[in-house]
Protein chains: 2
Amino acid sequence: MPKRNQQPELASKLSDKGIRLTKQRRILIDLIESANQHLHPSDLLYQAREKGVKLDRTTVYRTLTMLKELGLVEELDLLHLNGHEHYYEIRHDRGHIHIGCISCGKILELHTDCLSDLCDEIRQKTGFIIKTVRTEVAAVCPDCQRKT
Amino acid sequence: MPKRNQQPELASKLSDKGIRLTKQRRILIDLIESANQHLHPSDLLYQAREKGVKLDRTTVYRTLTMLKELGLVEELDLLHLNGHEHYYEIRHDRGHIHIGCISCGKILELHTDCLSDLCDEIRQKTGFIIKTVRTEVAAVCPDCQRKT
DNA sequence: TGATAGTTGCAACAAATTTGCAAGTTGATC
DNA sequence: GATCAACTTGCAAATTTGTTGCAACTATCA
């Protein structure tokens with residue numbers, strides 16, 4: 001769950017890069033920025049249409065691809081806890097991981113410094129230059145532990 | 001890349017659970033256990049057919065789903081560096097991560113202890129009981145760094 | 001306001017995965 | 001080893017997810 005009420009930065013980042021702000025792109029980045037849960041392409045399509053904006057699946061996919069290539073959003077699979085859909089969220093600088101409950105499907109975000117240790121280790125051991133780290137955890141949440 | 005020449009344990013784990021060992025399942029788990037790279041469903045299908053076993057895509061998917069539900073294999077997307085295929089590997093106990101080069105597509109595995117620190121942190125902060133931790137890293141490998 | 005280069009929607013395609021069901025197989029039992 | 005019920009498989013068709021080509025449209029800048 002990306003944080004609510006973030007500054008709407010994506011729009012200005014896009015126009016800074018000379019990318020046109022069409023109404024389709026505006027609604028999509030608005031939805032992504034204000035989402036309180038992770039969204040997949042179909043969510044975005046239906047939510048945008050609910051708000052009265054006409055757009056097509058193709059545009060959703062193209063916009064997400066563009067945002068991903070610009071490094072502004074990240075694509076997650078959330079361990080395929082609910083089928084094979086892909087989810088999108090604003091890309092944050094601080095490392096955070098996703099923990100999904102395999103019983104109820106709830107997704108929790110956690111900020112941690114472990115990831116930067118991991119990055120250091122990778123750099124030293126392999127010489128790879130790291131662009132993105134994605135950590136996803138399958139687990140059972142306290143609520144579901146009690147129920148069983 | 002799962003390690004070569006592991007003990008063929010999957011077959012006995014399956015029959016212990018009362019699951020029938022058909023020739024289709026035998027060849028599939030054999031391929032997964034002896035693979036030296038990550039396999040996707042089509043790889044498995046063609047490799048099994050090369051060995052003279054008749055089987056259908058459907059059976060590959062059904063078998064992989066079963067193995068995944070039993071916690072015997074893991075499904076990876078390897079950051080979609082090569083399209084949207086999913087890959088499968090034997091589930092290991094020791095933590096290891098996948099590092100993919102976004103330039104040449106090469107996948108490297110790395111064993112690390114950072115993940116157990118992370119697990120401790122998650123347990124303490126959230127109370128979740130962890131079942132699987134999956135870390136995938138997008139990076140640029142040393143070879144590709146030189147080329148640019 | 002007009003020009004133009006970038007965007008969109010549509011239709012068709014492609015790839016990945018799933019489902020229903022009849023026919024075939026496994027493994028326990030005799 | 002033969003029998004049989006329950007489990008599995010293969011096939012065909014459908015579904016879901018994502019992509020492509022192209023004509024029509026539109027945001028932006030002079």
Side-chain angles (χ1 to χ4, degrees), chain A residues 10-31 38-49 51-70 72-88, chain B residues 10-31 38-46 48-49 51-70 73-88:
Chain A
L10 283 193
S12 51
K13 283 185 184 166
L14 289 184
S15 57
D16 287 354
K17 289 174 195 273
I19 289 168
R20 288 189 187 168
L21 285 174
T22 63
K23 58 182 184 307
Q24 290 86 350
R25 286 177 177 164
R26 277 181 208 279
I27 184 72
L28 287 171
I29 62 184
D30 189 50
L31 287 170
H38 297 105
L39 301 171
H40 56 254
S42 299
D43 290 330
L44 287 165
L45 182 63
Y46 291 118
Q47 291 187 17
R49 286 180 173 170
K51 295 201 170 187
V53 175
K54 183 201 180 195
L55 90 169
D56 189 78
R57 270 184 319 148
T58 315
T59 302
V60 176
Y61 285 115
R62 285 195 276 230
T63 302
L64 289 172
T65 300
M66 176 197 71
L67 293 172
K68 200 172 54 168
E69 285 174 350
L70 292 172
L72 301 176
V73 304
E74 279 196 71
E75 186 182 14
L76 309 169
D77 64 22
L78 299 180
L79 293 147
H80 307 121
L81 257 34
N82 296 300
H84 288 100
E85 274 158 337
H86 294 140
Y87 300 83
Y88 294 83
Chain B
L10 284 193
S12 51
K13 283 185 185 168
L14 289 185
S15 57
D16 286 355
K17 288 174 196 275
I19 288 169
R20 289 188 186 168
L21 284 176
T22 62
K23 58 183 184 308
Q24 290 86 349
R25 285 177 179 164
R26 277 181 207 279
I27 184 73
L28 288 171
I29 62 184
D30 188 51
L31 287 171
H38 297 106
L39 301 171
H40 55 254
S42 299
D43 289 330
L44 287 166
L45 182 63
Y46 292 119
R49 285 179 174 171
K51 295 201 171 189
V53 176
K54 185 201 178 196
L55 91 168
D56 189 77
R57 272 180 314 149
T58 313
T59 302
V60 176
Y61 283 113
R62 284 196 276 230
T63 302
L64 289 172
T65 300
M66 177 198 70
L67 293 172
K68 200 172 55 169
E69 285 173 351
L70 292 172
V73 304
E74 277 197 72
E75 185 183 14
L76 310 169
D77 64 20
L78 298 181
L79 292 148
H80 306 120
L81 258 32
N82 297 300
H84 288 99
E85 276 158 335
H86 293 140
Y87 301 84
Y88 294 84

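Order of the sequence lines sets the chain letters (A, B, ...), proteins ahead of strands, with each chain counted from 1. The figures here come from the full heavy-atom set of this structure, side chains too, leaving out hydrogens, waters and symmetry mates. This one's a predicted model, so the numbers in the text were calculated from it and none came from an experiment.
Of all heavy-atom pairs between B/His40 and B/His86, the closest is CB-O, 3.0 Å. A/Arg49 and A/Asp56 get closest at one heavy-atom pair: NH2-CA, 4.1 Å. Taking both residues in full, the closest heavy atoms of B/Leu21 and B/Ala11 are given as CD1-O, 3.7 Å, listed atom of the first, atom of the second, then distance. Of all heavy-atom pairs spanning B/Leu31 and B/Ala48, the tightest one is CD1-N, 3.7 Å. Of all heavy-atom pairs between B/Leu70 and B/Leu14, the closest is CD1-CD2, 3.6 Å. Summarising the geometry of B/Leu55 relative to B/Leu45, their closest heavy-atom pair is O-CD1, 3.6 Å, with the distance given to 0.1 Å.
Taking atom CZ of residue B/Arg25 and atom C1' of nucleotide C/dT25, one finds them 11 Å apart after rounding to whole Å. Here C/dT7 presents its C1' atom at 13 Å from CG of A/Leu14, a figure rounded to the nearest Å. Atom P of nucleotide D/dT16 and atom NE2 of A/His80 are separated by 18 Å, given to the nearest angstrom. Residue A/Asp77 contributes atom CG, which lies 14 Å from atom P of D/dT17 at whole-angstrom precision. When rounded to the nearest whole Å, the span between CG of B/Asp56 and C1' of C/dG24 equals 14 Å. Rounding to whole angstrom units, CG of residue A/Leu45 and C1' of C/dG9 are separated by 12 Å. Put simply, NE2 on B/His40 is 11 Å from C1' on C/dA15, counting in whole angstrom units. A straight line from OH of B/Tyr46 to C1' of C/dA15 spans 12 Å, rounded to a whole angstrom.
Applying the side chain to side chain contact (heavy atoms under 4.5 Å, CB included) criterion to B/Arg25, with sequence neighbours excluded, gives B/Ile19, B/Arg20, B/Thr22, B/Thr63, B/Met66. For A/Thr65, the side chain to side chain contact (heavy atoms under 4.5 Å, CB included) partners two or more places apart in sequence, or in a different chain, are A/Glu69. Residues satisfying the side chain to side chain contact (heavy atoms under 4.5 Å, CB included) criterion with B/Asn82, sequence neighbours excluded, are B/Tyr87.
Donor-acceptor pairing under 3.5 Å is lacking for the side chains of B/His84 and A/His84.
Direction of the helix axis in the helix from C/dT1-D/dA30 to C/dC30-D/dG1 shifts by 40° between the two five-pair termini, rounded to 10°.
OP1 or OP2 of D/dG10 sits under 4.0 Å from a side-chain N or O of B/Gln24. Regarding contacts with the backbone of C/dC10, a side-chain N or O of A/Lys54 is found under 4.0 angstrom from either OP1 or OP2.
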Shorter than 3.5 Å, N or O on both sides, protein versus nucleotides 16-20 of chain C: list them out with atom names.
from: C/dA16; atom 1: OP1; to: B/Glu85; atom 2: OE2; distance (Å): 3.4
from: C/dT17; atom 1: OP1; to: B/His86; atom 2: ND1; distance (Å): 2.8
from: C/dT17; atom 1: OP2; to: B/Tyr61; atom 2: OH; distance (Å): 3.0
from: C/dT17; atom 1: O4; to: B/Arg57; atom 2: NH1; distance (Å): 3.0

Write out a two-atom table: protein N or O, nucleotide N or O from nucleotides 26-29 of chain C, distance below 3.5 Å.
from: C/dT26; atom 1: O2; to: B/Arg20; atom 2: NH1; distance (Å): 3.0
from: C/dT26; atom 1: O2; to: B/Arg20; atom 2: NH2; distance (Å): 3.0
from: C/dG27; atom 1: OP1; to: B/Leu21; atom 2: N; distance (Å): 3.0

- Task: Go through the steps for B/His38 and B/Leu78 under the test side chain to side chain contact (heavy atoms under 4.5 Å, CB included), then give the verdict.
- Result: CA-CA 9 Å; B/His38 297 106; B/Leu78 298 181; 4.0 Å; yes

